[in-house]
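Below is one structure, written out as structure tokens; comments come after it.
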Amino acid sequence: MAFARLLLALLLLFAASPGQAASLRPLSVYFLDVGQGDAALVVSPTGKTVLIDAGPPEAQISLVSRVKQLVNGPLDLIILTHPHLDHLGGMSRVIQTVGVRRFMDPGFDHPSDAYRKVLDVVGQEAGQVMTPTPNAATPDAPLSIGLGEGATLSIFWPRVPQEPFLKNTRSDANSNSIVAKLTYGETSFLFTGDAEPETEARLLRQPQDYSATVLKVAHHGGRYSSTAPFLEAVRPQAAVISCGARNDYGHPTREALDRLGQVGARVWRTDRDGEVRAVSDGERVTLTAARGSAAAPVVVRGLGARAVPPVDTPRGAKSGPVEISVEPRGPAPRGEGGRFVSLKGSKVFHREDCATLKRAKTQERTVYPDRASAMKERRPSEDCKP
């Protein structure tokens, strides 16, 4: 009889607190205040850390200080969405001061000295260099990075070599920004770099779920990005714009703010609100700003994933995205076996056994003894991914 009463009490407890028994540890996303630029830090429920962009050079000291406050040990992953100064300005100092195990960028070549210097530091300090290449066995599925406890970062764009980089756009570097979605339980965050309208149009042709609880607004709230069709697909409840106070570009623009308002998104701005912290418990996200009227916590509820058209999967292949686990401890393998070679006049380097080198007509080439040496002068080739 006593056991029956105890069982009834437990059933009533769980009925009164739906989902509490399976509650998740929190996931935090910090939209850092770096002025006219972008930087966001993800801290997963298991403590894995991902820094997405690193702001402009003038914010590097404050950025490093803040990251060191929030991160204990090297970052597990740094993502450079695209090679522009307002996104990479503090990256070298973060890598040299905090450390990083893995580095990812789009693989889009850009002739800037600042970008080349970042690659030099990456070649010396990072354990592994990655591009968001989809799995060959499931080419229609996005690359997926597991962050523990079910938290997953999926990379929607770019998709080289399955699809070429976008060209002849307003800004090809912006248009090929890494676009990624962080999913945790019923909640999600969409990071868009400085994606252009051409990027958004291309994404909408893919059978993917872009809905997100929180949107990191593209291009600091510029007038051309955040198109109405794309926002209709995302339908964010909250939107965060990273921009500097009284910036020279007029960001965020009235056009972008109006379109965000039309889909019902509540907007936070780092120029006005300072750093914005978003904490997800898997069911809802609580957003809190450092200052201003947005400082009081606001809770928005996750809506889960939407149904999207099925993606064709080759027979015998595992369906869905391939998981790459970002380990919180231990060095990442460099995979540097052998020498590395660059053809005369080329901006990239290859593995010594790359088929491209064998087909090349020119015999004039530079041979590097290790990957770090090659990274100082060239970037990795997309064909053999040295």
Quickly, which of Leu63, Val64, Leu70 forms a side chain to side chain contact (heavy atoms under 4.5 Å, CB included) with Val67? Name it, please.
Leu63
With heavy-atom distances below 4.5 Å as the criterion, would you say the side chains of Leu75 and Leu41 are in contact?
yes
Hey, could you give me the OG1/CG distance between Thr46 and Leu27, rounded to the nearest 0.5 Å?
9.0 Å
Test item: Pro229 and Leu204 side chains (from C-beta on) under 4.5 Å apart, heavy atoms
yes
Rounding to 0.5 Å, atoms NE2 (His251) and OG (Ser242) come to a distance of 11.5 Å
In this structure, would Val263 and Phe230 fall into the same cluster of hydrophobic residues linked by side-chain contacts under 4.5 Å?
yes
Tell me whether Arg159 contacts the main-chain N or O of Pro139 through its side chain, where contact means a donor paired with an acceptor under 3.5 Å.
yes
Check: Arg269 side chain, Ala245 main-chain N or O, donor-acceptor pair, under 3.5 Å:
no
When every non-hydrogen atom of Gly89 is compared with those of Gln60, the smallest separation belongs to O-OE1, 3.9 Å
Strictly distance-based, threshold 3.5 Å: is any side-chain N or O of Glu200 a donor or acceptor partner for the main-chain N or O of Ser226?
yes
Distance, nearest 0.5 Å, that separates CE of Met91 from CG of Leu85:
11.0 Å
Salt-bridge test for Arg291 and Asp33: reply yes if a basic N is under 4.0 Å from a carboxylate O, no otherwise.
yes
Applying side-chain hydrogen bond (donor to acceptor under 3.5 Å, both in side chains), run through Gln262 and Arg259 and close with a yes or a no.
CA-CA 5 Å; Gln262 288 167 8; Arg259 290 193 292 268; over 6 Å; no
Between Val240 and Val29, is any pair of side-chain heavy atoms under 4.5 Å apart?
no
Side-chain (Asp76) to main-chain (Thr49) donor-acceptor, under 3.5 angstrom:
yes
To the nearest 0.5 angstrom, please state how far the NE2 atom of His219 sits from the CG atom of Asp38.
9.5 Å
Does a side chain donor of either Arg93 or Gln96 reach within less than 3.5 Å of an acceptor in the other side chain?
no
Between Tyr30 and Val43 the two heavy atoms that sit nearest each other are CE1-CG2, 4.1 Å
Using modelled atom types only, decide if a donor and an acceptor are shared between the side chain of Lys68 and the backbone of Thr97 within a distance under 3.5 Å.
no
Side chain to side chain contact (heavy atoms under 4.5 Å, CB included) between Ile178 and Met104: does it pass, once the steps are laid out?
CA-CA 9 Å; Ile178 287 178; Met104 176 187 288; 3.9 Å; yes
Heavy-atom side-chain proximity of Val122 to Asp105 below 4.5 angstrom
no
Nearest non-hydrogen partners of Ala54 and Ala39, listed with the distance:
CA-CB, 4.1 Å
Report yes if some heavy atom in the side chain of Trp157 is under 4.5 Å from a heavy atom in the side chain of Glu163; otherwise report no.
yes
Main chain of Ser188, side chain of Thr183: is a donor-acceptor contact present, judged purely on distance under 3.5 Å?
no
Between Arg301 and Thr213, what is the shortest heavy-atom contact and its length?
O-CG2, 4.1 Å
Between Thr169 and Glu196, does any side-chain donor sit less than 3.5 Å from a side-chain acceptor?
no
Ignoring hydrogens and angles, tell me if any N or O in the side chain of Thr199 forms a donor-acceptor pair with the backbone of Ser175 under 3.5 Å.
yes
Closest non-hydrogen atom pair between Pro106 and Pro132, with its separation:
CA-CD, 4.1 Å
Exactly one of Thr288, Val214, Leu287 clears side chain to side chain contact (heavy atoms under 4.5 Å, CB included) with Trp268, and that residue is Leu287
In short, Cys243 meets Pro252 closest at the heavy-atom pair SG-CD, 3.7 Å
Report the C-alpha separation of Thr192 and Lys216 in whole Å, then their side-chain angles, then the decisive distance to 0.1 Å, and conclude whether the side chain to side chain contact (heavy atoms under 4.5 Å, CB included) test is met.
CA-CA 6 Å; Thr192 54; Lys216 198 294 296 181; 4.2 Å; yes
Do Ile52 and His87 have side chains that approach each other closer than 4.5 Å (heavy atoms only, starting at C-beta)?
no
Side-chain (Thr81) to main-chain (Ser177) donor-acceptor, under 3.5 angstrom:
no
Hey, mind stepping through Ile95 and Ile78 against side chain to side chain contact (heavy atoms under 4.5 Å, CB included) and telling me if it holds?
CA-CA 9 Å; Ile95 293 172; Ile78 287 180; 3.6 Å; yes
Taking the six-membered ring for Trp, are Phe31 and Phe189 parallel (under 30°), tilted (30 to 60°) or perpendicular (over 60°)?
tilted
Establish whether Val279 and Leu153 are linked, either directly or via other cluster members, by ILVMFWY side-chain heavy-atom contacts under 4.5 Å.
no
Would you say Thr187's side chain and Tyr184's backbone share a donor-acceptor pair under 3.5 angstrom?
yes
For the residue pair His82 and His84, does the interplanar ring angle fall in the parallel (under 30°), tilted (30 to 60°) or perpendicular (over 60°) class?
perpendicular
Beyond-backbone contact of Asp194 with His220, side-chain heavy atoms, under 4.5 angstrom:
yes
Rounded to the nearest 0.5 Å, what separates atom CG in Leu80 from atom CG in Asp53?
6.0 Å
Looking at Ile61, I want to see if its CD1 is surrounded by more than 12 non-hydrogen atoms of other residues, nucleotides or ligands under 6.0 Å.
no
Kindly work out whether a path of hydrophobic side-chain contacts (I/L/V/M/F/W/Y, heavy atoms less than 4.5 Å apart) joins Leu260 to Tyr224.
no
Using the six-membered ring wherever Trp is involved, compare the ring planes of Tyr210 and Phe156 and label them parallel, tilted or perpendicular (cut-offs 30° and 60°).
perpendicular
Value rounded to 0.5 Å, distance of CD1 in Ile79 from CG in Leu51:
9.0 Å
Asp172 and Lys167 ion-paired at < 4.0 Å:
no
Do any N or O atoms from the side chain of Lys181 and from the backbone of Ser211 form a donor-acceptor pair under 3.5 angstrom?
yes
Judged by modelled atom types alone, do Asp86 and Gln36 share a side-chain donor-acceptor pair under 3.5 Å?
no
Just wondering, do Glu149 and Ser44 contact through their side chains at under 4.5 Å, heavy atoms?
no
